Structure formats: C-alpha cells, structure tokens
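Single-structure report; data block below.
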Amino acid sequence: MEDKKKVIFSGIQPSGDLTIGNYLGALINWSALQNDYDSYYCVVDLHALTIRQEPKELRARTLKNIAIYVASGLDPEKNTLFIQSHVPAHSEAAWLLNCFCYMGELGRMTQYKDKSQKVGESVSAGLFTYPVLMAADILLYNTDLVPVGADQKQHIELARDLAIRFNNLYSPTFTIPEPYIADTGAKIMDLQEPEKKMSKSADNPNAYILILDPPEVIRKKISRAVTDDLGVVRYNEAQPGVSNLISILSTITNKKPEEIVKDYEGIGYAKFKSDVADALVAELQPVQNRVKELLEDKTYMESIYKSGAEKANYVANKTLRKMQKKLGIIPR
Ligand code: TYM
C-alpha cells in the first residue's frame, strides 16, 4: 500500500567523527520527526570520498554513523537507514543531473569555495560536483523536507533549482524539496573561534566536542571554550562564545535562549559552563552506551543497513527509471 506520509531525506558524511554540531543541528531533529514522516536517513560515504579517506577508517566510521543514528533515537523499523553506496541509483542520477547543472552554479557554492581553498591545487572534480550528488540523494525519494543545519541551505536550493529545471524541460518528475532548519542548534560554533562553524575536520580538538567524547573530555573542552571578559551570560553578537554555549544548552533543554539568560542573571561563567557540560554529558552518555552495544552486534547492524538499502533501492530505482525514460534512455 502507498504510504501517504510526507517524505524526509537527510544524511551525514562519515568523513570524520560526528560532533555535537551534527547532533544538535541534525540528529536531534530527525528523531523528533520520525512518527509523522516517511523518513530516509543515509550515511553518505560517496560524499566523504571527495576528500581523501583512509579506507579502514571510512569503513569503521560508516558503521559508527549508522550506530549513532539508531542510538540517538531513530527507530530502524520506522525509518529507512542505509548506506549511500548501497543504492547505485544515487550515482547514476547524479550523472544525469550533472548534465543539467551549470558550472557557474557549482562555483558559487560557499562550501566548495571554503573546502577547495583548504585543499588547494589537488581539489577534485568530485568536490566540485558534490552538490549534484546531494541533489540526486534528495530528489530520488520525492522528498518533501530535508532536515539539516543552516550550512546546507544553499545545497538544498540547488537541488530545488535542478528539480524545477528538469520538471520544466520534461514533465513533472520530482517533488520540490524544502529545507527544514530548526530555530536553535542550526549553527553550533567552534569552541575556540566562535565566529566559525563547529566542524569535524577542525585541526584543534578543543574546537569541537564529539558525540562519543568521554564525559571528562566534554567537561574539559567546555571549560576551555573561549568566552569574553564581560562576565555576564547574554545572548548577542558581541558575545559569540557565550551565545554559542547558550545555544547548546537551549537545544538540549528545549528552553529559549532568553529563559537561559534569565536563569543565569548574576551567575558567573564557571557555574554556567559546568551546567552546560553536565547537560551535554547527561544527553550524550546514553547515546554513547547504546552505540557501544550496537557496534558489538554485527548481525543486527547488518540487518539494519541491508533492509534499509532494499527499501531505498526500490524507491530510488523507480525515480531513476522515470528520469531515464524521459531522457531517451532505452530500458534495460
Ligand atoms: P555534514 O556531514 O557536513 O553534516 C551533517 C549534518 O550536520 C549539520 N551540521 C551542523 N549543524 C549545526 N551546527 C554545526 N556546526 C553543524 N555541522 C554540521 C549539517 O548541516 C548537516 O545537516 N552535504 C551534507 C551531507 C548530505 C546531505 C545529503 C544532507 C549529503 N546528501 C542529502 C541532506 C540531504 C553534509 O556535508 O553534511
């Protein structure tokens, strides 16, 4: 029977260990949406290959990501959890969409500009066409909603533009997806340079907190987080470090930043920071314990991503065949 629920698609790259940016910007929202949507969550291993990866580490992190999806609350019975490369339609649709995407559009992507600057001369064509693969991910499932952090908005706009272009050139083929970006947690900042987004690829480990960082490491990193010398807990642009810690606490506790500011009137940074660390530890410890259990159960893990891929292949192939037919490709 056809499912009438609206469709969600999102993914995380296994290009580094996941941070609380990934958790608070994406994962926390995913589990909140799982009862109301038909959801597809993918570990985008092909995207990770746009930057050189150690094969052994890539394998381990891909599995760890699946375990983190489940441990952070995604029920594998309710959501389709899979590995991108297990659904070849993603690569095939990406090629087809590549033929409809303009070089100028890709050159304007801020993430490409940032990343290619870091890589320098050896920037790969894959990094340039990365957003087209992401558009294929999203469009193959006739996705309505894409829950992501703020940094992915531009990529989703490109997916929309490509869908509209294809629909207009041929006939309605794709649903036009909308980004879903939460009010808090959409942009967790670097703990050392709070003007920058927290990233799993930062050089300084004090800049980020990993979902799997042990409690004592979380406490140490929060206590070292850069603040300012104003000494008041306020949420404003002049205090980016403190405001970032407020955002973290706000996303975990579901309290508005203004409420948190009120709670900490007349209270110094030391107590504030130790409360942020306590909240993070309390939130992440059950996730960490569950990840450990899941990774020990290889059979269960395999059953999750295999049945996920089976369902995803079925849906994605249907859309791919539609695209191929409209483009004049002879059916196999
Ligand atoms: P990635 O792997 O960089 O990040 C995964 C998710 O985490 C969010 N995120 C953050 N949110 C708040 N604060 C931060 N500091 C922070 N850092 C990361 C990201 O916004 C994202 O939601 N291109 C995507 C992966 C992707 C994808 C897709 C996403 C591939 N195909 C299709 C959605 C739909 C990426 O690199 O995310």
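Order of appearance sets the numbers: ligands from 1, and atoms from 1 within every ligand. Please read all numbers here as calculations on a predicted model, not as lab measurements.
Within the listing of ligand 1, atoms 12 (C) sit less than 4.0 angstrom from a heavy atom of Gly185. Below 4.0 Å from some heavy atom of His47 lie the following atoms of ligand 1, by number and element: 30 (C), 31 (N). Set against the non-hydrogen atoms of Val146, the atoms of ligand 1 under 4.0 Å away are 33 (C), 34 (C). Listed by atom number, the atoms of ligand 1 under 4.0 Å from Gly25 heavy atoms are 11 (N), 12 (C). Here is the list of ligand 1 atoms found below 4.0 Å of a heavy atom in Ser10: 33 (C), 34 (C). Close approach of ligand 1 to Lys197 (heavy-atom distance below 4.0 Å) involves ligand atoms 14 (C), 15 (N).
Here Glu293 pairs with Arg290 in a salt bridge; the nearest charged N to carboxylate O distance falls below 4.0 Å. A salt bridge between Asp151 and Lys197 is present, with a side-chain N of the basic residue lying under 4.0 Å from a carboxylate O of the acidic one. Under 4.0 Å is where a charged nitrogen must lie from a carboxylate oxygen, and between Arg61 and Glu54 no such pair does. For the pair Glu216 and Lys220, the salt-bridge criterion is not met [side-chain N within less than 4.0 Å of a carboxylate O]. By the 4.0 Å N-to-carboxylate-O rule, Lys256 lies too far from Asp183 to be salt-bridged with it.
The side chain of Ile138, and not its backbone, has at least one atom closer than 4.0 Å to an atom of ligand 1 (non-hydrogen atoms only; side chain from C-beta on).
Using cut-offs of 30° and 60° on the angle between ring planes, the pair His90 and Phe9 is tilted. Using the six-membered ring where Trp is involved, Phe166 and Phe100 have ring planes that are perpendicular, over 60° apart on the 30 and 60° scheme.
Of all protein heavy atoms, the one lying nearest to atom 25 (C) of ligand 1 is Gly11 O, 3.6 Å. Protein heavy atom nearest atom 12 (C) of ligand 1, with residue, atom name and distance: Ala186 O, 3.2 Å. Ranking protein heavy atoms by distance to atom 19 (C) of ligand 1, first place goes to Asp151 OD1, 3.4 Å. In terms of protein heavy-atom proximity, atom 31 (N) of ligand 1 is nearest to Asp137 OD2, 2.7 Å. The single protein non-hydrogen atom nearest to atom 11 (N) of ligand 1 is Gly21 O, 3.2 Å, given as residue, atom name and distance. Distance from atom 37 (O) of ligand 1 to its nearest protein heavy atom, with residue and atom name: Gln152 NE2, 3.7 Å. Residue, atom and distance of the protein heavy atom nearest to atom 28 (C) of ligand 1 are Met134 CG, 3.5 Å. Protein heavy atom closest to atom 23 (N) of ligand 1, with residue, atom name and distance, is Tyr130 OH, 2.7 Å.
Between atom 5 (C) of ligand 1 and the options Thr143, Asn22, Ile156, Ile188, the minimum heavy-atom separation is to Asn22. The residue among His90, Met198, Lys200, Gln13 with a heavy atom at the shortest distance from atom 17 (N) of ligand 1 is Met198.
For ligand 1, the polar-atom distance check against Gly149 finds a nitrogen or oxygen pair separated by under 3.5 Å.
For the ligand labelled ligand 1, residue Ser199 lies outside the 4.0 Å heavy-atom shell.
Residue pairs meeting the ring-ring contact (aromatic ring centres under 6.0 Å, His included) criterion with at least one member in residues 257-307, sequence neighbours excluded, are His86-Tyr305, Tyr264-Phe272.
Although no hydrogens or angles enter the test, the distance criterion places a donor-acceptor pair under 3.5 Å between the side chain of Gln84 and the main chain of Leu46.
In the hydrophobic cluster analysis, where Ile, Leu, Val, Met, Phe, Trp and Tyr join through side-chain heavy atoms closer than 4.5 angstrom, Ile8 is grouped apart from Leu140.
When each of Leu249, Ile246, Ile267 is checked for a side chain to side chain contact (heavy atoms under 4.5 Å, CB included) with Val233, only Ile246 meets the rule.
The aromatic ring centroids of His155 and Tyr112 lie 6.0 Å or more from each other.
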